[in-house]
Number of protein chains: 2
Amino acid sequence: MRRRTILDVAERAGVSVGTVSNALNRPEIVAEKTLASIQAAIDELHFVPSAAARQMTGARNPAIGLIVLDIGNPFFAEVYRGVEDVAGEAGYVVVVCSFAGDPAHERRQLRQLEEQRVAGILATRVGKGNSRVYGRMRKTGTPVVMLDQRSASKDQCSVSVDDVAGGRLAGEHLCELGHRRLALVNGPRDWSQCADRRTGFLAAAEAAGAQLLAGADIEAEQMTIDAGEEAARKLLAGEQLPTGIFCANDLLALGVEHALIAAGHRVPEDFAIVGYDDVAFATMAFVPLTSVRQPAYELGRRAAEQLLDEADDEKHKHERVVFAPELVVRASTGAAIDAAPDRSPIRA
Amino acid sequence: MRRRTILDVAERAGVSVGTVSNALNRPEIVAEKTLASIQAAIDELHFVPSAAARQMTGARNPAIGLIVLDIGNPFFAEVYRGVEDVAGEAGYVVVVCSFAGDPAHERRQLRQLEEQRVAGILATRVGKGNSRVYGRMRKTGTPVVMLDQRSASKDQCSVSVDDVAGGRLAGEHLCELGHRRLALVNGPRDWSQCADRRTGFLAAAEAAGAQLLAGADIEAEQMTIDAGEEAARKLLAGEQLPTGIFCANDLLALGVEHALIAAGHRVPEDFAIVGYDDVAFATMAFVPLTSVRQPAYELGRRAAEQLLDEADDEKHKHERVVFAPELVVRASTGAAIDAAPDRSPIRA
DNA sequence: GCGGCACTATGAAGCGTTTCAAATTCTTGT
DNA sequence: ACAAGAATTTGAAACGCTTCATAGTGCCGC
């Protein structure tokens, strides 16, 4: 079936194309019965207007891009939910680009978004060599809001969480529990979030006189469960074993925990673990995970709001929102037993 | 900065627009040095061609839509990964629409995709009242491939897993372990996957002489952790308690497990639980989850391949691929202890 | 019965590309 | 130096829609 155009509809309804266009966009100015016959024609012909043609005449593309590292990470899925709720409300569609850490892939996706003339972009990370692309987009009028990372300059919006504070929270918690031999399982340090968490963590450790063990300052390439398991094996192979481990996200932490337990160690008795993000699964883990919580959904909402405001409002004011992280203590640091009761025979 | 057009580039480079277009799309037919000066002009002006204008002239929109219930479900995230890998390879962009079960939202997203003239759509579920929309799309030449559910008619592609078999697997497993009082925590039954899993489960139960307890045939509206917790509370409030529980996905199962344990019950001693999907987190659960595995990534890949084939190949042949599910036994049915060793003091 | 007014409908221009037949320029062989 | 052919470039039409100045219609009160 040939694709129908507005002209087909006009002919069928016996009116001009202008009138059909009006019926579509400003129905209030066209007469009742004209409207009815046009609607009938549209239905009969299964007409669906072309977004491309509409865009040609100056309309904005009601879509925004969301660039995330990995949508399989529940943290980003939650951020997405916040974005989607705001964008959907405003009639926008969200194009998720999950580039899995590959800068070339990211560049390709960005290019697509740029050609599509999306109304704006939410970036949770700027891959190596791609900051120029973002710069170009902003110059040509496509707003870019930094999500989960603070923008470097004042003339760009960002919604983030204080990662240095988050790292410190984790460090202080472990130190307060008496841990002096620490390990860090981090993600790529060229990602500002990871660098910041590390900074905060090290500061807390130093303040408490604890130290990061040599060889226990791991920088995993991916921030996944698998990478966490591998990191745990590395830790176990070290000369000296840590007792407190801070992981830069919950996926890594879950992997670390799983690998340690599989190797016959106990959590938290042998190793205390702190994760980051407080994803829903942290609660249900084999040993429920202590984690630094970020308000993911809210992060997504605020960022989307800022983006749409910048896209729509001529006199938009840039803003850099910073949320405070929050420590959620669970069994993996032994400081508390989560909702789940102890299952040892003693109590059974 | 005003948006630059191909005309600006042409002027700057001192050639005609046609030549610029050629340089962009068929560089092999334009002279070396012309190419160079055009490239220079493009760079200087930060020119990025408009996808809309290109589409106007007949080019296809290199995008495909992926409709999922909830991208926060790791199962769908994994499916997405498969889709993205294939689509990205072919130069397509994937637009994820996670409509969270709201048919109106789904309709809105579909409409957008339709107006955008995407090259095709991957649908993991057809919401109530939206099947006509899909029908219209297919009539106007937009291929729609069913993902994770078998298409009703032979003239449409689908890639699915045999859900009846999956349900049966779960039922047989529980019955073999001696469970006779069963419960089912299902998702919306108007979703074919849920209906099928139930059918298989009931068949297995009947064959083994086991029964689904009255009031233990739960149909949750959402298939989330929260919904699982609520379902567990309902089960506990019933007159008779089941001993074997089958949940239609892992999120529900995780929720059920969590709520049961939080209420002081033991898994698998008091309640054996079987989930569905075998998401990565199932392994790391408080009590690692027995689950019916679906090849999520492969599902996504195959579906995307079919879709692109249908979109590109004139003489495409429809195909209905059905994968077989597979039972993965872990601690939640007590039939095996997963990688994680027993933590009871006896062994410690 | 007519001027004036409020509604409605019209149609052509314009948006940024691609395409393709036609025009132009360059090469080559003689 | 010239014709023929190859290589390159040109320019206008076409794509489907919105916009807006203009034209048309119908109704009111006098």
Side-chain angles (χ1 to χ4, degrees), chain A residues 1-42 45-62 111-112 114-118 140-142, chain B residues 1-39 41-42 45-63 111-112 114-118 140-142:
Chain A
M1 193 160 92
R2 199 186 105 249
R3 191 126 240 164
R4 301 321 185 128
T5 74
I6 203 172
L7 186 65
D8 298 316
V9 175
E11 269 171 16
R12 178 95 175 201
V15 297
S16 74
V17 292
T19 304
V20 177
S21 178
N22 284 335
L24 252 27
N25 304 298
R26 288 124 70 201
E28 67 278 8
I29 73 162
V30 359
E32 275 298 335
K33 58 180 195 285
T34 312
L35 218 46
S37 69
I38 290 177
Q39 188 55 56
I42 287 178
L45 297 175
H46 299 305
F47 168 72
V48 175
S50 152
R54 181 174 295 158
Q55 241 183 273
M56 291 285 299
T57 71
R60 73 154 64 275
N61 185 351
R111 176 73 185 199
Q112 283 270 3
E114 219 177 344
E115 295 191 353
Q116 297 279 352
R117 306 282 191 260
V118 294
T140 56
T142 305
Chain B
M1 194 161 91
R2 198 184 107 248
R3 190 127 239 161
R4 300 321 185 127
T5 75
I6 203 172
L7 187 64
D8 297 316
V9 175
E11 267 171 19
R12 178 95 175 201
V15 298
S16 73
V17 291
T19 303
V20 177
S21 178
N22 284 335
L24 252 27
N25 305 297
R26 287 125 70 203
E28 67 279 8
I29 74 162
V30 357
E32 276 298 332
K33 58 179 194 289
T34 313
L35 217 46
S37 67
I38 290 178
Q39 189 55 56
I42 287 178
L45 297 175
H46 299 305
F47 168 72
V48 175
S50 152
R54 180 175 294 158
Q55 241 183 275
M56 291 285 299
T57 71
R60 75 151 64 273
N61 184 350
R111 176 74 184 199
Q112 283 271 5
E114 219 176 346
E115 295 190 353
Q116 297 281 351
R117 306 283 191 260
V118 294
T140 56
T142 305

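Reminder, nothing fancy here: chain letters follow the sequence lines and each chain counts from 1. Side-chain atoms are counted along with the backbone in the values below, which use heavy atoms only and exclude waters and symmetry mates.
The nearest whole Å value for the distance from the CD atom in B:Gln55 to the C1' atom in D:dA14 is 16 Å. Distance, B:Lys33 NZ to D:dT9 C1': 12 Å, rounded to whole Å. Per the geometry, CG belonging to A:Asn61 stands 16 Å off P belonging to D:dC17, to the nearest Å. Whole-Å rounding puts the B:Arg3 CZ to C:dC15 P distance at 16 Å. Distance CG (B:Leu7) to P (C:dC15): 10 Å, rounded to an integer number of Å. In this structure, the CD1 atom of A:Ile6 is 16 Å from the P atom of C:dA12, given to the nearest Å. Per the geometry, CE belonging to A:Met56 stands 13 Å off C1' belonging to C:dA13, to the nearest Å. Straight-line distance from the CD1 atom of B:Ile38 to the C1' atom of D:dT9: 10 Å, rounded to whole Å.
Using a 4.0 Å heavy-atom criterion, one finds that A:Thr5 contacts the sugar-phosphate atoms exclusively. Using a 4.0 Å heavy-atom distance criterion, A:Val20 is classed as making no nucleic acid contact. Contact annotation for B:Ser16: base contact, defined as any heavy-atom pair under 4.0 Å involving a base atom. Within the nucleic acid shown, A:Gly18 comes within 4.0 Å of at least one base atom, counting heavy atoms only. Within 4.0 Å of B:Ser50, counting heavy atoms only, lie sugar-phosphate atoms of the nucleic acid but no base atom.
Here the side chain of B:Thr19 is nearest to one of D:dG16, D:dT19, D:dT10, namely D:dT10. Each of C:dG16, D:dT8, D:dT18 was ranked by its minimum atom distance to the side chain of B:Thr34; first place goes to D:dT8.
Using a 4.5 Å cut-off on side-chain heavy atoms (C-beta onward), B:Val48 and A:Thr140 make no contact.
Between A:Leu35 and A:Ala23, the closest heavy-atom pair is CD1-CB, 3.6 Å. Minimum interatomic distance between A:Ala41 and A:Arg12 (heavy atoms only, all atoms of both residues): CB-CG, 3.5 Å. Nearest heavy atoms, B:Ile38 versus B:Val20: CD1-CA, 4.0 Å. The two atoms that bring B:Phe47 and B:Leu24 nearest to each other are CE2-CD2, 3.9 Å, heavy atoms only.
A heavy atom closer than 4.0 Å to some atom of DNA chain D occurs in B:Asn22, B:Val30, B:Ala31, these being the qualifying members of residues 22-32 of chain B.
Look at B:Thr57 and you won't find any side-chain N or O under 4.0 angstrom from OP1 or OP2 of C:dT18.
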Full working for side chain to side chain contact (heavy atoms under 4.5 Å, CB included) between A:Gln116 and B:Gln116: CA-CA 10 Å; A:Gln116 297 279 352; B:Gln116 297 281 351; 4.2 Å; yes
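Formation of a donor-acceptor pair under 3.5 Å by the B:Arg117 side chain with backbone atoms of B:Glu114 is found in this model.
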